[in-house]
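Before any comments, here is the structure.
Numbers restart at 1 for each chain; the letters A, B, ... are given by sequence-line order, proteins then strands.
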Amino acid sequence: MTIPRARERMRPFPYFHMATTCTDYEPSRIEPLWQKFWADNNTFVAKDFDTTRPKYFAMAMYPYPSGHGLHVGHSENYTATDLLCRYKRALGFNVMQPMGWDAFGLPTEQTAVATGVHPREVTRRNVETFKRQLNQHGFGIDWTREVNTTDPGYVRWTQWIFLQLYKHGLAYVDERPVWWCQELGTVLANEEVIDGKSERGGYPVEKRALRQWVLRITAYADKLLKRLDGIDWPEATKSKQRNWIGKSEGAEITFALDGCDETLTVFTTRPDTLYGATYMVVAPEHPLVGKLTTAAQKSAVEAYVKAAASKSDLDRTDLAKDKSGVFSGSYAINPVSGAKIPVWIADYVLMGYGTGAIMAVPAHDERDYDFAVKFEIPIIRVIEKLDAEGKEAPLPFCVYGKLVNSGKHTGLSSKEAKAAIVADLEKRGIGKLSVNYKLRDWLFSRQRYWGEPFPIVWVSEADYKKASGEVAANLPKDPITFVENGVTQYALPVPASQLPLQLPETDNFQPSGTGESALGRCTDWLEIWFNAATGEAKSAKEPKPAGESWVRARRETNTMPQWAGSCWYHLRYVDPKDDKYLIDPKLNNYWGSPDYYIGGPEHAVLHLLYAPFWHLFLYDIGAVTTAEPYPRLVHQGMVLGENGEKMSKSRGNVINPDDVIKEHGADAMRMYLMFMGPLEDDKPWNTKGIEGVTRFLRRLWREVIDADGKISAKVSADAKESAAFHKVHHETIKKVGEDYEKGRYNTAIAQMMIWMNAIGKEETVLPGSIKDFLRLLAPIAPHISEELWERLGEAPSIVDAGWPKFDPAALVEESVMLGILVNGKPRSEVKIARDAPEAEALALAKADERAKPFLDGKTIRKVVYVPGRIINIVAN
RNA sequence: GCCCCGGUGGCGGAAUGGCAGACGCUGCGGACUUAAAAUCCGCUGACUGAAAAGUCGUGUGGGUUCGAUCCCCACCCGGGGCACCA
């Protein structure tokens with residue numbers, strides 16, 4: 001498309017010196033012109049340290065630049081952000097609206113594998129497309145702050161943060177059964193596995209024991225939970241996070257084993273039911289299984305453990321209804337009743353939660369009850385319903401009550417008994433209060449090429465001890481190790497001075513197939529001489545450099561998951577080029593945390609949990625000055641296809657923003673997206689709907705511009721506007737401001753349509769009225785607003801034209817229609833002074849022709865008068 | 001099973017204790033036109049009625065209130081999440 005050059009369009013003041021010469025509303029000519037104007041004038045470059053205005057930092061979740069281009073859901077999300085930013089700017093805020101690219105990740109790598117084009121190049125192309133598309137929407141993005149998670153300057157700091165986590169003991173290596181997806185050739189985090197399938201692609205996953213990096217997010221479980229109370233987030237998401245973190249308070253109790261020195265520790269939330277513990281269960285993976293198993297039970301136990309191991313987790317949970325287990329042959333001693341109780345092995349107890357062992361109280365736990373019934377284990381009631389109406393509650397009885405059959409604790413309430421029993425156990429050294437979380441540590445490594453390499457090398461124990469200088473300064477208290485072929489490998493950090501650690505060049509991005517990423521094949525990069533003081537590296541093919549500190553090392557071949565980069569991009573926007581600090585504290589203080597963050601709810605327990613974890617940690621180590629990363633979060637709803645179903649290629653109901661902009665223009669699309677319904681709701685696209693909005697914009701154009709492209713004769717400085725219009729005009733200024741403030745964009749637009757209907761009835765209109773209106777419209781439909789603003793003789797840009805004020809006096813009507821209700825039912829209405837006294841209103845109501853029949857022959861019992869609204873006469 | 005969110009015309013939605021259905025779409029009627037498109041004007045919850053008007057109506061059933069889409073209780077339905085978490 002051709003962009004008219006500004007110079008050619010110059011006309012003498014006051015008209016047409018920048019705007020187009022369109023006679024009809026032609027978004028395809030108008031929009032590119034103003035987009036260029038904004039770019040040429042750096043209109044949206046945010047100024048650091050502007051203390052003359054309050055700052056406003058608004059962020060939408062940055063996109064993954066896929067090969068499919070922008071989705072209409074992005075359009076919705078970014079329109080809402082842009083609209084808010086333009087509104088805040090009109091109010092006088094120093095606004096920052098940044099954008100970036102979540103550019104590491106699987107689809108790009110898969111494209112690279114399929115096409116042989118390097119992921120870096122695939123990313124570059126996709127980013128170019130996305131950027132062009134975003135600019136065609138007319139978003140006021142400050143591109144000087146563009147971030148890309150794959151830029152070396154960005155990767156360096158992602159690695160730096162990992163280094164801090166490592167140094168502070170929050171990153172460790174564990175060989176553990178993890179979700180492995182054969183199809184994707186990588187392991188996945190718990191959060192990325194849904195119903196036994198990969199979140200991305202829906203491929204089957206299975207458990208495999210692999211060496212993995214894990215981040216100790218559980219150390220922040222309590223902080224992550226507590227922060228939820230103080231932030232302005234959608235309740236559903238907070239609730240989901242609370243659930244996911246799953247804090248549960250109880251006690252750890254240690255049971256002695258009969259005829260054995262070992263003890264068995266369990267976690268329970270119901271220490272009050274301890275007297276009712278008639279058996280114990282340990283998970284099949286429990287380390288004590290071997291010792292607990294007696295000779296007689298050995299073969300049965302081994303068979304059971306083997307069967308459990310081969311079951312996928314999906315099978316294990318699918319069979320939830322049908323309990324299975326095997327007796328170990330050993331007995332434990334109930335520490336309060338002294339009873340000898342059997343120890344069972346059953347897969348309904350999970351090794352990953354609590355201690356991997358439980359005390360089973362069949363009378364008061366549904367699962368234990370099912371198990372006890374099936375295996376004919378005694379069931380002893382120890383809790384009674386508190387306010388028993390004579391009848392005993394049926395078993396299993398799983399709520400609090402009063403203790404029975406509980407020795408000296410009989411008669412206490414559950415609550416009292418919990419404290420008393422734990423206190424007793426604590427004195428004996430076999431119990432204590434304890435808290436458990438469902439949240440697991442975050443599996444942080446992936447076997448892919450297109451991700452951040454870990455700033456870690458592996459060395460021998462002897463070489464580990466040679467660490468000094470900057471390398472030693474970054475070591476955790478306890479070394480991170482793993483055993484490979486009987487040899488223990490030690491992790492040394494690649495220190496900050498050597499970052500970023502870049503990916504090796506290769507043309508084969510496929511995983512190596514042995515559980516290692518493509519990096520496992522990049523020998524020159526992988527096998528190195530490492531300086532254990534400075535962190536420098538040289539290929540191992542070269543001779544060993546001179547010096548005590550040089551040791552033989554192998555680099556870590558895992559890469560970080562895609563979530564890593566998005567954990568801190570909100571910081572990089574504030575200080576996008578810094579190579580000294582993660583974020584300059586002065587800039588950090590100026591911009592603070594985003595005042596607004598919008599994105600889909602699908603990241604509730606992924607990005608929205610991970611990023612706060614990193615941020616809280618960075619705050620703790622003094623790397624950032626803000627305690628809370630996202631004080632205010634909004635979720636936009638999904639834009640569904642016209643058939644009300646989720647948009648997808650297979651359903652053939654995808655709406656492409658490029659097509660919509662081509663047909664209707666960006667202003668119409670932006671406006672329609674905001675008009676469809678509440679931002680947070682899912683709502684179906686409707687082609688007729690956007691036509692309605694386009695009609696609205698054309699009407700506006702015709703009110704201002706006549707068929708020759710001149711200002712319409714109707715717009716005149718000596719226009720006489722009707723009182724009715726005057727009122728609507730000021731109501732509109734008030735309502736639109738209030739609605740923008742509350743994020744209720746659909747009703748703001750409805751009000752603007754009311755204004756449009758009102759102006760259609762006017763003979764003449766003041767230019768000032770049109771200009772007021774353009775300023776209200778500009779945040780949503782910025783191009784047409786700029787165009788008409790300038791054609792009306794104002795200097796561009798309308799972006800800095802401020803926000804119109806309404807006249808409160810214009811809103812007040814002397815007389816209003818008062819609803820007349822009889823016994824609560826609307827019967828009539830009457831015109832009356834707004835603040836008429838009750839007596840007058842009542843007299844009018846009683847005399848009203850339509851209300852009268854309902855009052856005839858009845859006695860008035862009560863009158864409720866709400867001045868200006870209704871009068872309700874209660875009569876019978 | 002547990003947790004969260006929701007249920008209003010033909011459709012998207014508005015109204016958070018005061019005349020339900022703003023605004024938009026659709027549909028119907030009209031104006032302009034040789035005609036069509038575009039544009040403009042009017043009507044458009046259901047039922048009864050020629051009309052005036054009346055009755056019903058915000059998932060269902062109760063409750064609070066002069067008055068309930070709105071608050072409370074119970075239930076039904078839909079969507080999302082969690083699910084042997086001791």
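No donor-acceptor contact under 3.5 angstrom links the side chains of A:Thr254 and A:Thr263, judged on distance only. For the residue pair A:Asp441 / A:Thr218, a side-chain donor-acceptor distance below 3.5 Å is found, with atom types taken as modelled. Side chains of A:Glu762 and A:Ser722: a donor on one and an acceptor on the other come within 3.5 Å. Residues A:Arg699 and A:Asn757 bring a donor and an acceptor atom of their side chains to less than 3.5 Å of each other. There is a side-chain donor-acceptor pair under 3.5 Å between A:Tyr400 and A:Lys418. Of the N and O atoms on the side chains of A:Asp368 and A:Tyr348, at least one donor lies less than 3.5 Å from an acceptor on the other residue. A:Thr694 and A:His664 form a side-chain donor-acceptor contact under 3.5 Å, judged by distance and modelled atom types alone. A donor and an acceptor atom, one from each side chain of A:Ser328 and A:Tyr304, are nowhere located under 3.5 Å apart.
Rounded to whole Å, the separation between the P atoms of B:G13 and B:U64 comes to 34 Å. Here the separation of B:C76 from B:G67, taken at their C1' atoms, is 27 Å to the nearest Å. As rounded to the nearest Å, B:C19 and B:A68 have C1' atoms that lie 14 Å from one another. The separation of B:G27 from B:A37, taken at their P atoms, amounts to 12 Å, rounded to a whole angstrom. For the P atom pair drawn from B:G62 and B:U16, the interatomic distance equals 27 Å after rounding to whole Å. Annotation: B:U65 and B:A15 have their P atoms spaced 28 Å apart (nearest Å). The gap from the C1' atom of B:G9 to that of B:C43 amounts to 15 Å, rounded to the nearest Å. For the C1' atoms, the distance linking B:C2 with B:G54 amounts to 49 Å, nearest Å.
At a non-hydrogen distance threshold of 4.0 Å, A:Phe854, A:Lys862, A:Val864 from residues 849-864 of chain A come into contact with RNA chain B. Residues from residues 824-836 of chain A placing a heavy atom under 4.0 Å of any atom in RNA chain B, listed by number, are A:Lys825, A:Pro826, A:Arg827, A:Glu829.
A:Glu602 CD: more than 12 foreign heavy atoms inside a 6.0 Å radius. More than 12 heavy atoms of other residues, nucleotides or ligands lie within 6.0 Å of NZ in A:Lys374, so this atom counts as buried by the packing criterion.
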Completion exercise
Under the rule of Watson-Crick or G-U wobble with both distances under 3.5 Å, where | means paired to another strand and [ ] a crossing pair, RNA chain B maps to (((((((..(((.....[....))).(((((.......))))).((((....))))..(((((..]....))))))))))))....
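Taking atom CD1 of A:Ile345 as the reference point, atom P of B:A86 lies 22 Å away to the nearest angstrom. Rounded to a whole Å, the NE2 atom of A:His635 is 13 Å from the P atom of B:G81. Between A:Tyr369 atom OH and B:G1 atom C1' the separation is 17 Å, expressed in whole Å. Computed from coordinates, the A:Leu350 CG to B:C82 C1' distance equals 14 Å when rounded to whole Å. In this structure, A:Glu838 atom CD and B:C66 atom C1' are separated by 12 Å, rounded to whole Å. In this entry the distance linking CZ of A:Phe696 with P of B:A38 reads 20 Å, nearest Å. Rounded to whole Å, the distance from CD1 on A:Ile759 to P on B:C40 is 14 Å. Between A:Leu640 atom CG and B:G80 atom C1' the separation is 13 Å, expressed in whole Å.
Residue-level contact check: A:Asp682 touches the backbone only, with heavy atoms under 4.0 Å from sugar-phosphate atoms and none from bases. Within 4.0 Å (heavy atoms only), A:Arg698 reaches sugar-phosphate atoms of the nucleic acid but no base atom. A:Asn436 comes within 4.0 angstrom of no nucleic acid atom, judged by non-hydrogen atoms across all strands. At a threshold of 4.0 angstrom between heavy atoms, the contacts of A:Pro601 with the nucleic acid are absent. At a threshold of 4.0 angstrom between heavy atoms, the contacts of A:Met359 with the nucleic acid are absent. Within the 4.0 angstrom heavy-atom criterion, only backbone atoms of the sugar-phosphate kind lie near A:Lys240; the bases stay farther away. In this structure, A:Asn872 reaches the bases: a heavy-atom distance under 4.0 Å links it to at least one base atom across the strands shown.
Among B:A14, B:C84, B:C4, the nucleotide with an atom closest to any side-chain atom of A:Asn746 is B:A14. Side-chain atoms of A:Ala750 lie closest to B:A22 of the nucleotides B:G12, B:C82, B:A22.
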Practice task
Apply side-chain hydrogen bond (donor to acceptor under 3.5 Å, both in side chains) to the pair A:Ser828 and A:Asp848, showing each step before the final yes or no.
Solution key: CA-CA 8 Å; A:Ser828 185; A:Asp848 187 88; 2.8 Å; yes
Handout entry: Intermediate values then yes/no, side-chain hydrogen bond (donor to acceptor under 3.5 Å, both in side chains), A:Ser414 and A:Asp272
Key = CA-CA 6 Å; A:Ser414 287; A:Asp272 54 313; 3.0 Å; yes
Handout entry: Test salt bridge (Lys or Arg N to Asp or Glu O under 4.0 Å) applied to A:Lys683 and A:Glu76, step by step
Key = CA-CA 11 Å; A:Lys683 51 235 162 219; A:Glu76 181 196 25; 2.8 Å; yes
Practice task
Given side-chain contact (heavy atoms from CB on, under 4.5 Å), test A:Lys240 with A:Arg242 step by step and report yes or no.
Solution key: CA-CA 5 Å; A:Lys240 208 177 157 186; A:Arg242 287 193 186 102; over 6 Å; no
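By the rule that a glycosidic angle within 90° of 0 means syn, B:G67 does not qualify and counts as anti.
Looking at residues two or more places apart in sequence or on another chain, you find no side chain to side chain donor-acceptor pair (under 3.5 Å) involving A:Arg869. In terms of the side chain to side chain donor-acceptor pair (under 3.5 Å) criterion, A:Glu252 has no residue partners (sequence neighbours excluded).
For A:Phe371 and A:Tyr279, the ring centers are positioned less than 6.0 Å apart.
Residue order along RNA chain B, read from the 5' end via each residue's closest nucleotide, puts A:Thr237 first among A:Thr237 and A:Thr747. Along RNA chain B, the nucleotide closest to A:Thr268 and the one closest to A:Pro684 are compared, and the more 5′ of them pairs with A:Pro684.
Side-chain N/O atoms of A:Lys323 and base N/O atoms of B:C84 include a donor-acceptor pair closer than 3.5 Å.
Residue A:Ser248 has a polar side-chain atom (N or O) positioned under 4.0 Å from OP1 or OP2 of B:A86.
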Pairs: protein N or O with nucleotides 24-32 of chain B N or O, under 3.5 Å:
unit_1	atom_1	unit_2	atom_2	d
B:G24	OP1	A:Asn757	ND2	3.2
B:C25	OP1	A:Arg695	NH1	2.5

